[in-house]
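Accompanying notes for the structure given below.
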There are 2 protein chains.
Amino acid sequence: MQVSLQALKAFESAARRGSFKLAAEELSLTPTAISHHISNLESRLNVTLFHRKGRRVSLTGTGVKLAKATSDGFRKIESALDEVMKAGCAVRVTTTSSLAALVLIPSQHEFEQVNPDLSMEISTGESIDNQSYIIPVRVGDVSVVEGSDIIKYESFNVFGAYGMTSPSWSNEPITLFTTKWKNTLLPDPPLATWLEKNGLDGANIKLKKFDQELFGIQKAMAENGLVFCSTTLTKRLLKTNLIQHFNTRPVKSDLCYYVPNKDNFGTRSSAKFLDWIEDILN
Amino acid sequence: MQVSLQALKAFESAARRGSFKLAAEELSLTPTAISHHISNLESRLNVTLFHRKGRRVSLTGTGVKLAKATSDGFRKIESALDEVMKAGCAVRVTTTSSLAALVLIPSQHEFEQVNPDLSMEISTGESIDNQSYIIPVRVGDVSVVEGSDIIKYESFNVFGAYGMTSPSWSNEPITLFTTKWKNTLLPDPPLATWLEKNGLDGANIKLKKFDQELFGIQKAMAENGLVFCSTTLTKRLLKTNLIQHFNTRPVKSDLCYYVPNKDNFGTRSSAKFLDWIEDILN
DNA sequence: AGTGTAGATGATTTAAACTCATCTACAAGT
DNA sequence: ACTTGTAGATGAGTTTAAATCATCTACACT
């Protein structure tokens with residue numbers, strides 16, 4: 001380039017502040033540096049950018065035009081830079097209520113302890129806040145989702161509140177909470193497969209469906225009921241003895257947790273988060 | 001600032017060209033310099049901007065966003081810079097047909113000889129091409145125009161084609177070409193004052209008016225007629241013996257040539273032009 | 001396997017950027 | 001009118017950032 005960018009930055013600042021001294025303060029330089037930059041700029045461009053009347057400076061017509069463009073240009077660059085820097089020291093995640101409430105939020109503190117220079121924000125809901133560097137953790141169909149985006153293949157099992165007695169699967173009528181996704185494109189929970197694998201016919205099982213797994217799990221815990229749900233969501237509850245299972249065998253499903261374009265987040269924070277979440281889920 | 005602008009420029013170029021090598025060529029640097037800049041940028045921002053797959057690089061999501069903003073920002077700055085630089089090595093003038101045809105265009109070559117690094121463009125007409133660095137040389141009323149903008153106070157006299165015999169002012173009927181400005185706010189040519197100063201009553205003078213002085217002057221030259229017009233416009237024609245005057249005395253007028261905001265053009269080229277034009281007019 | 005290309009890495013050199021010391025011009029106070 | 005203080009200009013000297021060089025790795029294409 002013909003002229004140095006730092007000279008332009010010095011000019012931009014001086015033009016905006018109307019003083020070399022103030023520009024120098026803004027850029028943590030000496031007024032001398034600003035003066036050098038600007039006279040260098042002027043001689044390279046063959047123009048006068050500032051009128052000098054003794055110790056007072058004011059922009060020429062040319063100076064005004066250049067100042068307008070440089071201010072706009074640098075402002076644009078700086079705001080993008082700000083955004084990127086913010087993205088570098090915070091991780092923002094959006095996911096389902098269930099994963100948020102049962103996995104992410106309980107582990108949030110631990111994540112921030114391990115990564116003291118990162119803060120973690122969790123949000124749930126539909127709002128596809130596409131504008132910024134938010135990492136979406138979604139539930140999807142393994143046959144549709146890009147394999148490299150998947151962070152957890154989902155298995156299902158039946159769980160109940162901790163301490164309750166094992167149900168007698170074949171004799172008495174049983175109420176089982178399960179999930180009917182709002183999104184009809186998602187595969188249903190693999191209840192039929194589970195019954196088969198565990199040698200049950202399910203004739204005495206009455207289903208009660210919620211549109212979020214979290215609700216069924218909470219209901220089961222509150223009412224000493226049974227819930228057919230994801231092993232991912234229950235992992236922590238099992239470990240803390242809030243729920244139990246009954247020696248039934250889990251089944252794989254066509255569902256998975258995934259992050260769209262997982263490998264395409266360029267921030268250190270997102271890389272840390274993705275490593276961490278894969279680690280705690282597996 | 002947190003990050004260096006040159007690093008950003010290197011990134012911008014590499015992002016746009018999709019290759020460190022091409023960016024290096026564009027910026028007249030070595031690929032090594034680009035690599036250093038970008039890794040420096042990445043570590044300062046705590047993000048990854050490029051995926052490296054062996055010897056191929058591609059932008060990350062973060063990289064794409066930053067590249068968009070930096071490209072826009074730098075483009076804006078560079079285009080303004082281009083404009084300023086062009087303005088530094090060329091001077092564009094717009095003025096009346098008369099001044100252009102009788103003064104500026106005949107002297108254009110001389111100006112470019114004296115200033116071999118400057119080119120001069122002359123345009124006439126109403127088109128107020130306000131966009132760029134055009135210097136307007138206008139005719140105005142001395143009582144309205146800012147004094148410091150004035151480059152020539154206008155005097156008037158009667159001229160005729162070179163070699164014609166002096167008219168006998170009082171005996172025979174005389175046709176005199178003169179000017180009626182299109183712009184009615186401008187003072188009329190000071191014919192009454194001129195008659196008085198030269199001891200004439202004008203009873204035998206028939207006026208024929210054009211809306212540009214140039215036309216009257218050309219008509220007078222073509223038909224051995226007489227024209228009452230500006231001494232500025234006729235100066236060169238007198239010197240080259242294309243017209244003459246008849247020992248009548250010129251009169252000052254309320255008209256002047258001026259350049260709006262004369263002292264506010266910051267370009268070297270405009271300063272050179274303004275010096276030169278004041279010089280040849282006085 | 002062999003060759004050529006793109007980029008990474010670390011040490012060294014170079015040049016740009018910054019500061020310091022000194023000077024001028026103006027403005028404000030006495 | 002004579003200080004005093006402030007903003008900027010100027011030129012020489014210093015510092016540090018930026019660029020290069022030499023070397024190395026990984027991949028792609030014969």
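Reminder, nothing fancy here: chain letters follow the sequence lines and each chain counts from 1.
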Review point. Do B:E42 and B:T48 meet the criterion of a side-chain donor-acceptor pair at a distance under 3.5 Å?
Key: no
Review point. Hey, does the Lys NZ or Arg CZ of B:K9 hover above the aromatic six-ring of B:F74, less than 6.0 Å from the centre and inside 45° of the axis?
Key: yes
Check your understanding: If you measure from CG on B:L186 to CZ on B:R138, what distance do you get to the nearest 0.5 Å?
Key -> 11.5 Å
Practice item. Could you tell me, to 10°, how much the axis swings from one end of the helix from C:dA1-D:dT30 to C:dT30-D:dA1 to the other, five pairs per end? Key: 30°
Check your understanding: Residues two or more places apart in sequence or in another chain: which of them pass ring pair (Phe, Tyr, Trp, His ring centres under 6.0 Å) with B:F156?
Key -> B:F228
**Study point:** Residue-level proximity of residues 50-61 of chain B to DNA chain D when a heavy atom falls under 4.0 Å
**Key:** B:G54, B:R55
Check your understanding: Will you find, in the side chains of B:T96 and B:S98, an N or O donor that is under 3.5 Å from an N or O acceptor?
Key -> no
Exercise for review: Starting at CD of B:E154, measure out to OG1 of B:T232 and round the result to the nearest 0.5 Å.
Suggested key: 3.5 Å
Are any protein N/O atoms closer than 3.5 Å to N/O atoms in nucleotides 19-22 of chain D? If there are, list each pair with its distance.
{"from": "D:dA19", "atom 1": "OP2", "to": "B:H37", "atom 2": "NE2", "distance (Å)": "2.4"}
{"from": "D:dT20", "atom 1": "OP2", "to": "B:T30", "atom 2": "N", "distance (Å)": "2.7"}
{"from": "D:dT20", "atom 1": "OP2", "to": "B:T30", "atom 2": "OG1", "distance (Å)": "2.5"}
{"from": "D:dT20", "atom 1": "O4", "to": "B:H36", "atom 2": "NE2", "distance (Å)": "3.2"}

Point to revise | A:S13: partners by side-chain hydrogen bond (donor to acceptor under 3.5 Å, both in side chains), with sequence neighbours left out | key: A:E26
Review point. Is it true that B:F50 and B:F20 have ring centroids separated by less than 6.0 Å?
Key: yes
Check your understanding: Are B:R75 and B:D72 close enough for a salt bridge, meaning some N to O gap below 4.0 Å?
Key -> yes
Check your understanding: Can you tell me if B:S119 uses its side chain to pair, donor with acceptor, with the backbone of B:A90 under 3.5 Å?
Key -> no
Review point. Contact class for A:S19 (heavy atom, under 4.0 Å): base, sugar-phosphate, or nothing?
Key: sugar-phosphate
Review point. Short question: side chain of B:S35, backbone of B:P31 - any donor-acceptor pair under 3.5 Å?
Key: no
Point to revise | Separation of B:T60 OG1 from A:D263 CG (nearest 0.5 Å) | key: 11.5 Å
Check your understanding: Mind checking which nucleotides bracket the chain A contacts on DNA chain C, 5' to 3', with an atom under 4.0 Å from a heavy atom?
Key -> C:dA17 to C:dA27
